[in-house]
Amino acid sequence: QVQLVESGGGSVQAGGSLRLSCVASEATSYMGWFRQVPGKEREGVAGICRADMVTYAPFVKGRFTISRDNARKTLYLQMNSLKPEDTGMYYCAIGYADSWSRLIPGDYPYWGQGTQVTVSS
């Protein structure tokens with residue numbers, strides 16, 4: 001079974017930046033970033049497909065960029081202009097060809113363990 005390992009989380013002040021990474025144990029085609037805070041449902045942040053088409057949640061509003069390095073089997077999420085409401089556990093996941101762009105957690109069967117992002121005001 002494919003394994004995903006996230007890294008790059010940390011604590012930053014509002015307006016700061018972080019770059020998250022997710023290394024996969026094998027090549028993947030459809031991937032996404034999600035986040036979750038305690039007491040709330042997990043929500044989609046960004047997704048990318050094999051052809052490097054991307055999709056973002058509305059709240060990203062140009063602040064985040066998803067990308068991938070296929071040779072390194074690594075997915076990235078560059079997060080700029082971070083806000084306190086961006087605080088949460090960030091997960092990468094593998095999705096399917098017919099549903100990846102909807103950024104619905106239930107459409108993604110494989111998940112990493114997550115990396116914590118904390119943004120202070």
Side-chain angles (χ1 to χ4, degrees):
Q1 181 172 330
V2 63
Q3 299 202 358
L4 303 170
V5 179
E6 301 96 334
S7 63
S11 297
V12 297
Q13 290 191 326
S17 298
L18 284 173
R19 189 176 82 153
L20 307 183
S21 299
C22 170
V23 179
S25 58
E26 57 188 70
T28 60
S29 296
Y30 306 94
M31 299 193 72
W33 285 101
F34 295 79
R35 69 185 189 187
Q36 187 170 23
V37 297
K40 289 192 173 182
E41 293 186 355
R42 193 169 296 187
E43 62 180 354
V45 176
I48 189 168
C49 75
R50 177 187 300 179
D52 285 343
M53 293 176 62
V54 298
T55 186
Y56 295 98
F59 60 77
V60 169
K61 292 181 180 178
R63 299 183 298 126
F64 297 178
T65 302
I66 187 172
S67 62
R68 64 195 302 167
D69 183 334
N70 292 325
R72 298 177 184 270
K73 292 179 286 187
T74 302
L75 179 73
Y76 301 101
L77 185 68
Q78 176 67 44
M79 304 188 295
N80 300 326
S81 302
L82 283 162
K83 306 175 182 179
E85 51 264 43
D86 293 319
T87 293
M89 185 71 77
Y90 282 68
Y91 301 89
C92 68
I94 298 172
Y96 294 118
D98 60 348
S99 59
W100 68 275
S101 63
R102 300 191 301 180
L103 294 178
I104 297 174
D107 289 340
Y108 283 70
Y110 303 105
W111 293 82
Q113 295 301 305
T115 185
Q116 178 67 36
V117 171
T118 302
V119 185
S120 58
S121 57

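Note that the numbering runs from 1 along the sequence shown for the chain. All of these numbers come straight from a predicted model, not from anything done at the bench.
The structure places CD of E26 at 9.5 Å from CD of Q3, a figure rounded to the nearest 0.5 Å. Taking CD from Q78 and CG from L18, the interatomic distance works out to 8.5 Å, rounded to the nearest 0.5 Å. The CD1 atom of I48 lies 9.5 Å from the CE atom of M31; values are rounded to the nearest 0.5 Å.
Judged by distance alone, with hydrogens and angles left aside, the side-chain atoms of R68 form a donor-acceptor pair with the main-chain N or O of T28 at under 3.5 Å. Judged purely by atom type and a 3.5 angstrom limit, Q113 has no side-chain atom pairing as donor or acceptor with the backbone of V5. Looking only at distances, a side-chain donor or acceptor of T87 sits under 3.5 Å from a matching main-chain atom of V119. In this structure, E6 contributes its side chain and G114 its backbone to a donor-acceptor pair below 3.5 Å.
Between R63 and Y56 the shortest side-chain heavy-atom distance does not fall below 4.5 Å. The side-chain heavy atoms of E85 and F59, taken from C-beta on, include no pair separated by under 4.5 Å. For the pair P105 and W111, the minimum side-chain heavy-atom distance is below 4.5 Å. Y91 is not listed as a side-chain neighbour of L4, based on a closest heavy-atom distance of 4.5 Å or more. Put simply, the side chain of D86 does not reach to within 4.5 Å of the side chain of M79, judged on heavy atoms.
For F64 and W33, the gap between ring centers reaches or exceeds 6.0 Å.
Across all their heavy atoms, G47 and L103 have their closest contact at N-CD2, 3.6 Å.
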